[in-house]
Amino acid sequence: MDKEKELKIDVTDGAAIPTKKDKGLFTAWWCTLIGALVLLFYLITFYADPYLRILKFVSDGIVVTFKVTFASIFFSLIVGLITGLGRISKNRVINLIASVYVEVIRGIPLLVQLFYIYYALGSFFTVPPFVAAITAMTVCYGAYMGEVFRAGIESIDHGQTEAARSLGFNGRQTMFYVIIPQAMRTILPPVGNEFIALLKDTSLVSILAVGDLLRRGREFATETFAYFETYTMVALIYLLITLILSKIVSISEEKMRPYER
Amino acid sequence: MKDNNYIIHIENIYKFFHNITALKNVSLNIKPQEKVVIIGPSGSGKSTLLRTINRLEKIDKGRIIVDGQDITDKKCDINKIRMEVGMVFQNFNLFPHKTVLQNITMAPIKLKKIPPKEAEEIAYSLLKKVGIEDKANVYPAQLSGGQQQRVAIARALAMKPKVMLFDEPTSALDPEMIGEVLDVMINLAREGMTMVVVTHEMGFAREVADRVVFMDGGEILEQGTPEHFFTSPEHPRTKKFLSQIL
């Protein structure tokens with residue numbers, strides 16, 4: 001019914017999520033994917049040395065990048081939900097804590113946060129680099145996700161809350177049975193974007209002695225001095241992962257809206 | 001003592017929005033099985049008054065007793081009271097992420113712990129009552145406005161409420177769908193449901209109401225039987241209002 005009231009949250013630091021409207025073969029997404037794949041296969045077949053060697057060398061780094069990404073996503077979704085709920089809480093203390101957290105984190109570059117957690121806090125207690133990396137990513141992206149959750153929850157019509165409350169649901173039940181399931185639909189595109197942005201930002205953890213994709217590439221490059229070949233390969237791999245992820249996000253977005261038609 | 005005779009007892013309530021007085025010293029008593037229709041120009045406070053009965057609007061002064069419980073008391077468990085007071089909204093407010101059946105069974109299953117099977121049986125019988133049993137498994141967006149509102153009525157009835165509140169239930173509907181919703185409400189009235197209805201449908205008021213209440217400027221200016229009300233209104237503003245809409 002209310003078509004004019006469709007809400008969209010715009011967060012565009014991730015990657016372009018393909019929408020259903022860009023149909024056809026020659027969308028930017030397809031062009032980029034095919035171009036990247038062709039280049040990748042061309043390089044590893046015709047210039048197996050050094051490209052295939054690079055790929056083999058950094059393959060364990062790809063696994064680490066995924067591990068850091070998924071662990072950070074998982075924890076930052078939890079932190080984000082709590083923060084988002086805190087940001088809309090009527091309890092002034094909770095609201096203030098959540099808001100200050102978001103303000104502080106948004107005001108500090110992620111690289112500085114990584115240094116802070118690993119080196120600055122590391123002078124009080126030692127944290128393994130992998131744990132420090134996930135902690136820093138979670139703290140940072142938890143704040144971003146919190147804003148996304150808040151916006152998503154606030155986008156749901158107040159009538160939904162009134163209907164649930166008038167049936168006898170309490171505030172918490174209303175939130176979890178009625179508001180959040182609907183907010184998921186609005187939240188998914190920006191969360192997908194954060195997902196992709198986070199994956200790219202995991203390259204920063206390479207400075208913490210975490211053997212992720214970028215760090216493994218750096219190791220290979222300093223050994224062989226093949227800087228051009230190595231970073232071309234690393235960039236290609238990041239691009240392919242990001243492209244595939246953005247497609248997954250757009251497909252799950254389609255799947256999330258059965259009740260609209 | 002007098003409280004016991006009334007299912008809803010509203011006593012000298014006030015409601016302020018910033019510096020506007022939305023309700024000014026309103027008192028209203030409603031007996032079980034009574035059908036009260038509240039009319040008045042827009043902004044007269046009639047919806048606000050209705051919404052105070054299940055505390056969707058909090059009042060600033062006065063007292064409201066619903067089914068023997070003082071809902072203005074801080075210790076009152078308002079969620080318990082709301083289970084006994086069904087509400088139907090102008091914009092239906094169905095849950096768009098749930099099917100029609102789930103919309104109806106959700107509250108009984110989660111709040112009254114009724115087994116899902118049983119809740120579904122109740123839901124099907126209610127859908128039959130409102131005339132759309134074939135739509136149980138579709139989503140609200142696939143229904144017309146009139147059908148959505150009938151589902152909303154079924155959803156409220158599934159909690160087996162003692163009172164039903166209707167907040168302009170037909171105002172958002174296309175004209176050809178008003179009748180089907182009013183028919184459901186008329187049947188409900190015949191079954192003896194206690195109903196408080198804010199509406200502009202004077203035909204419905206005339207046919208169903210035991211009492212018509214006229215509000216303007218946050219006050220109840222006049223109340224009486226439909227015959228009295230539509231044939232010999234006393235207050236000049238009632239007369240003016242009726243002459244404008246009839």
Side-chain angles (χ1 to χ4, degrees), chain A residues 1-9 20 81 84 88-92 148-149 151-191 252-261, chain B residues 47 50-51 53-57 77-100 102-112 138-145 147-148 151-152 155-161 163-167 172-174:
Chain A
M1 4 157 245
D2 289 294
K3 268 286 178 279
E4 71 275 11
K5 250 194 77 189
E6 198 177 308
L7 283 144
K8 257 207 149 160
I9 305 166
K20 218 183 174 184
L81 180 60
I88 54 165
S89 171
K90 289 198 185 87
N91 181 322
R92 295 191 64 178
V148 173
F149 273 103
I153 290 167
E154 284 178 344
S155 74
I156 303 303
D157 182 48
H158 191 61
Q160 292 291 311
T161 305
E162 290 194 336
R165 296 307 301 268
S166 77
L167 286 166
F169 287 106
N170 65 30
R172 193 155 29 104
Q173 291 166 326
T174 301
M175 191 53 81
F176 284 97
Y177 296 149
V178 177
I179 306 301
I180 290 178
Q182 292 181 58
M184 284 306 166
R185 193 168 54 108
T186 339
I187 284 172
L188 197 74
V191 162
S252 53
E253 204 181 314
E254 291 298 325
K255 291 242 163 89
M256 285 285 277
R257 33 182 87 219
Y259 58 84
E260 266 190 357
R261 300 151 232 275
Chain B
S47 281
L50 188 78
R51 290 158 55 87
I53 297 171
N54 64 355
R55 218 168 84 185
L56 283 183
E57 299 287 353
D77 181 359
I78 189 67
N79 297 320
K80 273 250 164 63
I81 300 291
R82 283 172 175 161
M83 290 189 214
E84 292 177 4
V85 180
M87 183 147 188
V88 175
F89 299 86
Q90 183 177 346
N91 295 319
F92 332 132
N93 293 341
L94 291 176
F95 305 133
H97 61 304
K98 301 272 181 190
T99 63
V100 164
Q102 289 166 336
N103 262 278
I104 301 172
T105 57
M106 189 170 150
I109 292 171
K110 304 264 189 206
L111 296 173
K112 286 186 152 178
V138 307
Y139 285 92
Q142 295 161 279
L143 299 178
S144 72
Q147 290 171 327
Q148 288 193 48
V151 173
R155 177 176 70 176
L157 291 174
M159 291 298 280
K160 299 211 160 58
V163 181
M164 283 286 282
L165 309 177
F166 292 87
D167 189 1
L173 295 175
D174 291 336

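Below, chains carry the letters A, B, ... as their sequence lines are ordered, and counting in each starts from 1.
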Exercise. Using the side chain to side chain contact (heavy atoms under 4.5 Å, CB included) rule, take A:Gln173 and B:Leu111 through it: C-alpha gap first, then chi angles, then the decisive distance, then the call.
Key: CA-CA 10 Å; A:Gln173 291 166 326; B:Leu111 296 173; 3.6 Å; yes
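Both the backbone and the side chain of B:Met83 come within less than 4.5 Å of a heavy atom of chain A. For chain A, the nearby part of B:Phe89 is the side chain; its heavy atoms alone come within less than 4.5 Å. Contacts between B:Arg51 and chain A at a heavy-atom distance below 4.5 Å involve the side chain alone, from C-beta outward. Of the two parts of B:Leu94, only the backbone, made up of N, CA, C and O, holds a non-hydrogen atom closer than 4.5 Å to a non-hydrogen atom of chain A.
Residues that satisfy the side chain to side chain donor-acceptor pair (under 3.5 Å) test with A:Ser89, not counting sequence neighbours, are absent from this structure.
The candidate with the highest count of non-hydrogen atom pairs below 4.5 Å against chain A, out of B:Lys110, B:Lys80, B:Arg155, is B:Lys110. Between chain A and the residues B:Leu165, B:Leu56, B:Thr99, B:Val85, the largest count of heavy-atom pairs under 4.5 Å involves B:Leu56.
To the nearest 0.5 angstrom, B:Asn79 atom CG is 11.0 Å from A:Ser166 atom OG. Considering CD1 of B:Ile109 and OH of A:Tyr177, their distance stands at 10.5 Å, rounded to 0.5 Å. One finds the CG atom of B:Asn91 at 12.5 Å from the NE2 atom of A:His158 (value rounded to the nearest 0.5 Å).
The shortest side-chain heavy-atom distance between B:Met87 and A:Leu167 does not fall under the 4.5 Å cut-off. Counting heavy atoms from C-beta on, the side chains of A:Val178 and B:Met106 come closer than 4.5 Å. Side-chain contact check for A:Pro181 versus B:Lys98: every heavy-atom pair is 4.5 Å or farther apart.
Open room surrounds NZ on B:Lys160; 12 or fewer heavy atoms of other groups in view lie less than 6.0 Å from it.
Among residues at least two apart or in separate chains, there is no salt bridge (Lys or Arg N to Asp or Glu O under 4.0 Å) pair with a member in residues 168-183 of chain A.
Closest approach of A:Ala163 to B:Phe95, counting heavy atoms only: CB-CE2, 4.1 Å.
The main-chain N or O of A:Gly159 is found under 3.5 Å from a side-chain atom of B:Asn93 such that the two form a donor-acceptor pair.
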